*Asks:* 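I'd like to ask you about the structure that follows.
Worth knowing before you read on, the calculation uses all heavy atoms, side chains too, and leaves out hydrogens, waters and symmetry mates. Bear in mind that the values here come from a model prediction, so they are computed numbers and not experimental data. Below, chain A is the first sequence line, B the second, and so on; all start at residue 1.
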Amino acid sequence: MTIRTRFAPSPTGYLHIGGVRTALFNYLFAKKHGGQFILRIDDTDQQRNVSEALQPILDGLRWLGIEWDEGPNKTENPQPNGYYQSQRNDKYQAAVDELLKSGFAYRDFAKPEEIQTERDAAVAEKKTFTYSRTWAAETEADVKKFEADGRQGIIRLKMPREGKLVIHDLVRGDVEFDWSNEQDHVIQRTDGSFLYHLANVVDDEDFQISHVIRAEEHLPNTPRQIFMIQSLGYHLPEYAHLPFVAEPGSKTKLSKRKLDKYLKNKDFAKLVNHANAIAERIGLEINAADFNPVIVDFYRTVGYLPEAIVNAMALVGWALDDKTELFTMRELIDAFSLEGVTKGAASFDPAKLFAFEEKHFLTKTVGEKVKLCVPFLTEGLSHFLTKDGDRSSEWCQDTEIYFSQDEMLRKLIGYAGERIKVAGDILDFIDFFIPDEMLPYNETDYEKRIKSVPEALPLLKEFRQLTLLGFDAGDWTHQALEKLAMDFIAEKGIKPNALIFPLRVATTGKSIGIGMFEALELLGKERTLRRIERTLQR
RNA sequence: GGCCCCGUCGUCUAGCGGUUAGGACACGGCCCUUUCAAGGCCGCGGCACGAGUUCGAUUCUCGUCGGGGUCACCA
């Protein structure tokens, strides 16, 4: 049997992190077994612009490396009617007609308030609501009568009222339902449009889906789908209901709308603050609704590695063994199995995701890191240089040199080592690329390391005059500089920090960063002296 | 409320009758160190509870409690 799985997003305008996990598991399972992964678009109830709302989802999946074999934007698609539910109405109509003909569905003329009354009564009696079928049309005469009353018809499933259904779920084992608890669900609306459950069943049959892998919130509505499958004589797919992705530190389903609440979680806040800082430095308008860690784009925007997201999400509700944590997509495909899927809801852990990012970034070569960082550096620099408005173009021209210092960037990334965990972190080191006369000082550091230390400036001045000024620019390496400084420190009989802190603030504007002498090496003699001079005159 | 699902450190999990209950992330401490990261070492911390079954239960059964999902002319 060919394994065929599908991910069926509704075009909502964004790719939810929980959706990623579902898509990923479907993808992994299909690839593992040499099958196909299909992308189908559930847009039966879509008012807005579908292609616009779908694009971020397609982009997000592609970015993550979850590529579909059939679906939108594919040149060769076997399905003549396409993969959009909105384009498949003929198929759905045929299915409804058949259900009607075979007696597994009926036309119903109840008014919404009449249904509601029955439902309220059931709730009051603490019983399962079951529609009385009072307004069900048995014959054409019934139809005429109801229509004469001004009633509008819909199509309902005529669900069994006795017996049991056992679903053999690949994750949960056998799950038993009583048919009597099932309702006569609507499958076609007054306006003739179709409902999700019907469309879903028809599509899965047409696309020959072998395994339905989806979040567990779908488990309660599986019986009605199986009822349709059986009534229409379709093949029954295998089911695997995944635990859903929960809020950090909770078992409640993760939701895009609860960001405020999540921000109270320390790890979540850390993740968001870090990302906000990057976004700010590239001049991005931060809109909390869209710039949200529940949405995949958030990570892409600040430079996370797609493989980190994939790795982290693969381990939400799945594990290979008791030790393997780091996976590439290829390794995931090889290792994945539905048996490894856990049953309990699994919290999304921002700290763990960040840890994966760190580890995956570490595996990149300097060359790869440069490639990843350049767009952020470019954005950050142009934002930094133009935020003062008028002067912008002039400043940009004057400082064009700073944009094209490949060699410096390369060295910097080497020296920065694991301080850069996300491509956007390169912006922590933007100071190396900006004109010396524009270097901003961290005022707290300046106060603490220079202003409030009387000997700081004299020491700096002396170091500059006696040591740096006469030092051969050709020997301007961090090793030579370090020796130079240490000799100076020894001679003066001071602690290293007495010189290094003021020097650090003077040359980089702040008291944290890469190794002091590596920093001076990158700056070069001329710029180092200029920055010190500027501080002395401040 | 009806129906269904779930329950191992704070979090993600390994475990599939006998283990000092293992790992990862986070957290705390120490070391290293010119700052910040990183790294090394150490530590904190868990089988929801109660009955069975069994020589023996984290593991099997039942119950209790707790958490969650779902009950649309949404998907």
*Asks:* For atom P, what is the distance between B:C60 and B:A14, given to the nearest Å?
*Replies:* 14 Å
*Asks:* If we call it a pair only when both distances are under 3.5 Å in a Watson-Crick or G-U wobble match, what pairs with B:C16?
*Replies:* none
*Asks:* Using a heavy-atom cut-off of under 4.0 Å over every strand shown, decide if A:Thr342 touches base, sugar-phosphate, or nothing.
*Replies:* sugar-phosphate
*Asks:* Counting only Watson-Crick or G-U wobble pairs whose two distances fall under 3.5 Å, which nucleotide matches B:G2?
*Replies:* B:U70
*Asks:* Looking at every strand, decide which applies to A:His218 at a 4.0 Å heavy-atom threshold: base, sugar-phosphate, or nothing.
*Replies:* base
*Asks:* Could you tell me whether A:Asp349 contacts a base, only the sugar-phosphate backbone, or nothing, with contacts defined as non-hydrogen atoms closer than 4.0 Å?
*Replies:* base
*Asks:* Please check if the distance between the ring centroids of A:Phe327 and A:Trp318 is under 6.0 Å.
*Replies:* yes
*Asks:* Using a cut-off of 4.0 Å on non-hydrogen atoms, how would the nucleic acid contact of A:Ile154 be classed: base, sugar-phosphate, or nothing?
*Replies:* base
*Asks:* P atom, B:G17 versus B:U59: distance in rounded Å?
*Replies:* 11 Å
*Asks:* If we take the P atom in both B:A57 and B:G18, what is their distance in whole Å?
*Replies:* 12 Å
*Asks:* Which pairs would a plain distance check flag for residues 493-505 of chain A, meaning a side-chain donor or acceptor within less than 3.5 Å of a matching protein atom at least two apart in sequence or in another chain?
*Replies:*
from	atom 1	to	atom 2	distance (Å)
A:Arg504	NH1	A:Ile514	O	2.9
A:Arg504	NH2	A:Ile514	O	3.2

*Asks:* What does A:Asn221 touch in the nucleic acid at a heavy-atom separation under 4.0 angstrom: a base, only the sugar-phosphate, or nothing?
*Replies:* base
*Asks:* Base, sugar-phosphate alone, or nothing: which one does A:Phe348 contact when heavy atoms must sit under 4.0 Å apart?
*Replies:* nothing
*Asks:* Suppose we define a pair by two distances each less than 3.5 Å, Watson-Crick or G-U wobble; what does B:G43 pair with here?
*Replies:* B:C27
*Asks:* Counting only Watson-Crick pairs (N1-N3 plus N6-O4 or O6-N4) and G-U wobbles (N1-O2, O6-N3), all under 3.5 Å, who is the partner of B:A21?
*Replies:* none
*Asks:* Once you apply a heavy-atom cut-off of 4.0 Å, does A:His197 come out as touching a base, just sugar-phosphate, or nothing?
*Replies:* base
*Asks:* Under 4.0 Å, counting only non-hydrogen atoms across every strand here, what does A:Phe177 touch: a base, just sugar-phosphate, or nothing?
*Replies:* sugar-phosphate
*Asks:* Quick one: which residue pairs count as a ring pair (Phe, Tyr, Trp, His ring centres under 6.0 Å) with a foot in residues 168-187 of chain A, not counting sequence neighbours?
*Replies:* none
*Asks:* Find out whether the Lys NZ or Arg CZ of A:Arg6 is both under 6.0 angstrom from the six-membered ring centre of A:Phe207 and within 45° of the ring's axis.
*Replies:* no
*Asks:* What's A:Val316 touching, base or sugar-phosphate or nothing? Going by heavy atoms closer than 4.0 Å.
*Replies:* sugar-phosphate
*Asks:* Tell me what A:Thr128 touches on the nucleic acid: a base, only sugar-phosphate, or nothing, going by heavy atoms under 4.0 Å.
*Replies:* sugar-phosphate
*Asks:* Would you please indicate yes or no on a ring centroid separation below 6.0 angstrom for A:His478 and A:Tyr415?
*Replies:* yes
*Asks:* For A:Gln152, which contact category applies under a 4.0 Å heavy-atom criterion: base, sugar-phosphate, or nothing?
*Replies:* nothing
*Asks:* Please determine, for B:U34, whether a Watson-Crick or G-U wobble partner exists with both distances under 3.5 Å, and give it or none.
*Replies:* none
*Asks:* Which residue lies toward the 5' end of RNA chain B, A:Asn497 or A:Gln183, if each is placed at its nearest nucleotide?
*Replies:* A:Asn497
*Asks:* Paired with B:G50 by Watson-Crick or G-U wobble geometry, both distances under 3.5 Å: which nucleotide is it?
*Replies:* B:C62
*Asks:* Judged by each residue's nearest nucleotide on RNA chain B, which is more toward the 5′ side, A:Lys127 or A:Gln188?
*Replies:* A:Lys127
*Asks:* Measuring only the P atom in each nucleotide, how far is B:C9 from B:C47? A whole number of Å is fine.
*Replies:* 7 Å
*Asks:* Could you list the residues that satisfy ring-ring contact (aromatic ring centres under 6.0 Å, His included) with A:Phe194, not counting sequence neighbours?
*Replies:* A:Tyr92
*Asks:* Just to be sure I understand the rule, does A:Phe517 reach a base, reach only the sugar-phosphate, or reach nothing, if contact means heavy atoms closer than 4.0 Å?
*Replies:* base
*Asks:* What residues from residues 503-516 of chain A pass a heavy-atom cutoff of under 4.0 Å to RNA chain B?
*Replies:* A:Arg504, A:Ser511, A:Ile512, A:Gly513, A:Ile514, A:Gly515, A:Met516
*Asks:* Categorize A:Glu216 for me: base, sugar-phosphate, or nothing, with a 4.0 angstrom heavy-atom threshold over every strand shown.
*Replies:* sugar-phosphate
*Asks:* Show the numbers, then the answer: is there a side-chain contact (heavy atoms from CB on, under 4.5 Å) between A:Thr363 and A:Glu368?
*Replies:* CA-CA 10 Å; A:Thr363 67; A:Glu368 287 167 330; over 6 Å; no
*Asks:* Test the A:Arg21-A:Phe25 pair against the cation-pi criterion, namely NZ or CZ under 6.0 angstrom from the six-membered ring centroid and within 45° of the ring axis.
*Replies:* yes
*Asks:* Within 45 degrees of the axis of the six-membered ring of A:Tyr14 and under 6.0 Å from its centre: does A:Lys256 put its NZ or CZ there?
*Replies:* yes
*Asks:* Have a look at A:Lys421 and say if it touches a base, only the backbone sugar-phosphate, or nothing, with a 4.0 Å heavy-atom cut-off.
*Replies:* sugar-phosphate
*Asks:* Please give the distance between the P atoms of B:U58 and B:G69 as a whole number of Å.
*Replies:* 30 Å
*Asks:* Using the P atom as the point on both nucleotides, what is the distance between B:A72 and B:U53, in whole Å?
*Replies:* 45 Å
*Asks:* Using atom P of each nucleotide, how far apart are B:C25 and B:C65 to the nearest Å?
*Replies:* 39 Å
*Asks:* When the aromatic ring centroids of A:Phe354 and A:His274 are compared, is their separation below 6.0 Å?
*Replies:* yes
*Asks:* Provide the distance between the two C1' atoms, one in B:C6 and one in B:U64, to the nearest whole Å.
*Replies:* 16 Å
*Asks:* If you walk 5' to 3' along RNA chain B, what is the first nucleotide with an atom under 4.0 Å of a heavy atom in chain A, and what is the last?
*Replies:* B:G1 to B:A75
*Asks:* For A:Tyr196, enumerate each residue passing the ring-ring contact (aromatic ring centres under 6.0 Å, His included) test, keeping only those at least two apart in sequence or located in another chain.
*Replies:* none
*Asks:* So, A:Asn26 side chain and A:Phe7 main chain: donor-acceptor pair closer than 3.5 Å or not?
*Replies:* no
